[in-house]
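So the structure is just underneath, and the comments pick up after that.
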Amino acid sequence: MNLLRQFKQALHYGNGRAYLILKQHPELPVDELLIEAALHNYDYDPQCSGTRARYMDELLSLRPNCRELMRIIAERFEADDDINDWDASQCYELLCTSPNAPAEAPAIVRRRFQRKHAEESDFGFGDIAQSQGMPGIVFLAEVVGQQLLDDPEDSLNSSNIFSLDESFPPEKLNWRAELEKLAPDNPAIAIFMSSVRKEDTRVYDRKLKPFGLKEIEELMRMGKTTARRFFQLSPSDKEKLREYFFAEQRNNQLWILCWVLNHSKGVTPAMIPRLYEISLGNNERLSWQAIQALGTLHHKDVRKIALNEISRKLPGSYRFFDLLEANWKNGDERLLIAIFNRLRSPFSRHSIILTFSDLEKIPASFREFLIRHSTCGSCRSRAVRTLLKHGKPSAELMEELRYDSNPEIREAVAAI
C-alpha cells in the first residue's frame with residue numbers, strides 16, 4: 001500500500017498513523033483530504049466518540065499553509081448546508097479552539113449558528129460560549145430566545161443550560177445574573193431566562209423502575225416492544241416467560257420474550273433449537289434478537305451453530321460471530337480476521353469490533369488488529385484500555401496511540 005493510501009486510511013480511521021506519516025512526509029498532496037476530514041467527522045459513532053477537532057487541528061498544523069486551509073474550512077462551513085449535526089459539532093469546536101483559526105472565525109460561527117441552530121439541535125452552543133465568554137452567551141441567549149418567541153411550541157434544550165453551568169460556575173462567571181440584568185429590555189433574553197428558571201425547578205428522575213412479569217405480559221398483550229434493560233423477575237417468572245416463548249408465534253411478542261430473557265439471564269439450553277430456528281427467519285429484527293439471546297449461553301451447540309453459519313458465507317452470516325464471544329477458543333481470531341476482511345459494510349465491521357474489542361480472552365495481536373481497523377473512537381478506546389490492562393502494545397502501535405483522535409486513548413497512554 002503506497003503512502004498516500006496509507007494516510008487516507010489512517011485519516012478515515014482516526015488513528016495516529018496519519019499524524020506520523022504526514023510529519024515524516026510533508027510532501028504528500030493531502031490538503032483537500034484534510035479539508036474534507038475537518039468538515040466531516042468520519043468516526044463511526046460520533047455521539048459516543050465525540051469530535052476529532054483536536055486531532056484535525058494537529059494534522060492541519062503540520063502543513064505550511066495551515067492558516068489558508070483553516071480559512072477555506074471556515075468559509076465552506078459557513079456556506080455548506082449539507083454538513084450534518086455531528087460534522088457541524090466538529091467544525092464549531094475546531095474553529096472556536098484552534099489557534100490557527102482565521103480572525104473571522106468568531107463571526108462565522110455566529111452566523112452559522114444563527115442560521116442553522118434550530119435544525120442542528122443547537123450544536124455549537126457550548127463551543128461559542130466557552131470561546132467567547134459573556135458576549136457569546138448574550139448572543140446565544142438572543143438567538144435561542146428569538147426562536148422561542150417565534151415558535152411558542154418550542155422549548156429550551158436543557159443540555160444548553162448544563163453546558164453553561166459546567167463551563168461557567170457562579171464563582172467564575174454568573175451568567176444567570178448577567179442575563180437577568182438584560183432581560184427587562186430584551187424580549188428574547190427575557191423568554192430565554194424564563195425557560196431557564198423553569199428548567200432549574202424541574203426534577204429529573206433518571207432511574208427507571210425495573211419491569212416485572214405483569215408489565216411484560218401487558219407489553220405482549222399490546223404487541224409493543226421496549227428498550228428497557230432492567231427487569232425484576234423471580235425464577236418462576238422466568239419459567240413462565242419461557243413457557244410463553246415456546247408457545248408464541250407472533251413476531252413482536254417473540255421479540256419481547258427474546259429481549260427480556262436475554263437481559264434477565266433467563267435463556268436456557270433447552271431454548272437453543274427454537275432460537276436457532278428463529279434466527280434463520282425472514283424477520284431481520286427478530287432474527288438478530290434471537291442471535292443475541294443465543295449469545296448469552298456458553299454451550300457447545302451454540303458454538304457449533306456459529307461455526308456452521310459463518311462457514312456458509314451468506315450475506316447475513318457475519319451476525320453469528322456474536323455467538324463466539326461466550327464460546328471463544330484459541331484460533332478463532334483467524335476466522336474473524338478473514339470475515340472482517342471480507343466484509344465491506346461499515347456496520348458489519350463495527351459489529352465485530354464492538355463485540356470483541358474488550359473481550360479479555362482474545363490474543364493481543366487480534367486486539368491490535370481491531371484497534372488499527374476501527375473507525376469508532378469509543379470502541380478503539382475500550383480495546384486500548386483492555387490491552388493496556390493485560391500487557392503492553394507493540395512499540396509501533398504505542399507511538400500511534402499518542403496521536404489518536406480519541407482523547408481517552410491519549411489519556412490512557414499518557415498515564416502509563
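We're numbering straight along the sequence, starting at 1.
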Going by atom types only, do [X] and [Y] share a side-chain donor-acceptor pair under 3.5 Å?
X    : Y    : answer
Q130 : S167 : yes
S98  : D57  : yes
E309 : S317 : no
Q147 : D154 : yes
D237 : S234 : yes
R319 : S279 : no
S365 : E333 : no

Let's go through R52 and D404 carefully: what are the C-alpha distance in whole Å and the side-chain angles of both, what is the deciding distance for salt bridge (Lys or Arg N to Asp or Glu O under 4.0 Å) to 0.1 Å, and is it a yes or a no?
CA-CA 9 Å; R52 294 179 174 182; D404 196 273; over 6 Å; no

Taking the side chain as C-beta and beyond, is there a heavy-atom pair between [X] and [Y] under 4.5 Å?
X    : Y    : value
L140 : I128 : yes
L20  : H25  : no
M398 : R402 : yes
Q132 : P106 : yes
T51  : P46  : no
R76  : I35  : yes
L307 : L323 : no
W175 : D165 : yes

Could you report the tightest heavy-atom contact between [X] and [Y], atom names first, then the distance?
X    : Y    : value
D122 : V144 : OD2-CG2, 4.4 Å
T268 : L297 : O-CD1, 3.8 Å
I352 : L343 : CD1-CD1, 3.8 Å
A129 : I137 : CB-CG1, 4.0 Å
C91  : A38  : SG-O, 3.6 Å
S374 : C379 : OG-CB, 4.2 Å

List the steps and the verdict of ring-ring contact (aromatic ring centres under 6.0 Å, His included) for Y55 and Y19.
CA-CA 9 Å; Y55 175 75; Y19 181 90; 8.4 Å; no

Go through the steps to decide whether D80 and R112 satisfy the test salt bridge (Lys or Arg N to Asp or Glu O under 4.0 Å), and finish with yes or no.
CA-CA 10 Å; D80 191 346; R112 170 83 187 200; over 6 Å; no

Mind checking the [atom1]-[atom2] spacing from [X] to [Y]? Nearest 0.5 Å is all I need.
X    : Y    : atom1 : atom2 : result
N252 : L286 : CG    : CG    : 9.0 Å
L401 : R410 : CG    : CZ    : 10.5 Å
K361 : K329 : NZ    : NZ    : 11.5 Å
K392 : L397 : NZ    : CG    : 11.5 Å
R342 : K313 : CZ    : NZ    : 5.5 Å
D127 : S163 : CG    : OG    : 8.0 Å

Are [X] and [Y], when compared by the centres of their aromatic rings, separated by less than 6.0 Å?
X    : Y    : result
H263 : F231 : no
F113 : F123 : no
F369 : F340 : yes

Could you go step by step and tell me if V30 and L11 meet the side chain to side chain contact (heavy atoms under 4.5 Å, CB included) rule?
CA-CA 10 Å; V30 298; L11 181 65; over 6 Å; no

Residue pair S357, R380: steps toward the side chain to side chain contact (heavy atoms under 4.5 Å, CB included) verdict:
CA-CA 7 Å; S357 58; R380 199 161 60 247; over 6 Å; no

Does atom CG (D150) have a neighbourhood of more than 12 heavy atoms from anything else shown, all under 6.0 Å?
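Counting other residues, nucleotides and ligands, CG of D150 exceeds 12 neighbours.
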
Would you say that more than 12 heavy atoms from the other residues, nucleotides or ligands in this model lie under 6.0 Å from the CD of Q232, or not?
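Not buried by this count: 12 neighbours or fewer within 6.0 Å.
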
Would you verify whether the NZ or CZ of R110 falls within 45 degrees of the ring axis of F139 while also being under 6.0 Å from that six-membered ring's centre?
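R110 over F139 ring: yes.
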
Honestly, is R285 close enough over W255, meaning NZ or CZ under 6.0 Å from the six-membered ring centre and within 45° of the axis?
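Yes, R285 sits over the ring of W255.
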
For the pair E408 and R385, evaluate salt bridge (Lys or Arg N to Asp or Glu O under 4.0 Å) and give the outcome as yes or no after the intermediate values.
CA-CA 9 Å; E408 292 180 356; R385 288 197 300 271; 3.3 Å; yes

Using the ring pair (Phe, Tyr, Trp, His ring centres under 6.0 Å) rule, pick out the option among Y13, Y318, Y44 that qualifies with H350.
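Considering Y13, Y318, Y44, a ring pair (Phe, Tyr, Trp, His ring centres under 6.0 Å) with H350 is found only for Y44.
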
Can you list the steps and then say if D45 with S378 is a side chain to side chain donor-acceptor pair (under 3.5 Å)?
CA-CA 8 Å; D45 189 358; S378 179; over 6 Å; no

Is the backbone N or O of G223 less than 3.5 Å from a side-chain atom of R250, with the two atoms forming a donor-acceptor pair by type?
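No; zero donor-acceptor contacts below 3.5 Å.
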
Do you know which of R274, Q249, M220, Q289 makes side chain to side chain contact (heavy atoms under 4.5 Å, CB included) with L254?
R274

Between T375 and Y42, does a side chain to side chain contact (heavy atoms under 4.5 Å, CB included) hold up when you go through it step by step?
CA-CA 7 Å; T375 57; Y42 293 150; over 6 Å; no

Apply side chain to side chain donor-acceptor pair (under 3.5 Å) to the pair Q253 and Y244, showing each step before the final yes or no.
CA-CA 9 Å; Q253 283 75 3; Y244 290 153; over 6 Å; no

Could you go through the side chain to side chain contact (heavy atoms under 4.5 Å, CB included) check for N341 and I337 one step at a time?
CA-CA 6 Å; N341 289 332; I337 289 173; 3.5 Å; yes

For N406 and S49, what are the C-alpha separation, side-chain angles and deciding distance, and is it a side chain to side chain donor-acceptor pair (under 3.5 Å)?
CA-CA 7 Å; N406 187 276; S49 303; 4.8 Å; no

For E360 and T386: C-alpha separation, side-chain torsions, deciding distance, then whether side chain to side chain donor-acceptor pair (under 3.5 Å) applies.
CA-CA 7 Å; E360 295 190 356; T386 307; over 6 Å; no

Test salt bridge (Lys or Arg N to Asp or Glu O under 4.0 Å) on R17 and E396; report intermediate values, then the result.
CA-CA 9 Å; R17 184 177 292 190; E396 182 183 5; 3.7 Å; yes

Are E58 and R54 close enough for a salt bridge, meaning some N to O gap below 4.0 Å?
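Here E58 pairs with R54 in a salt bridge, since their nearest N and O are under 4.0 Å apart.
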
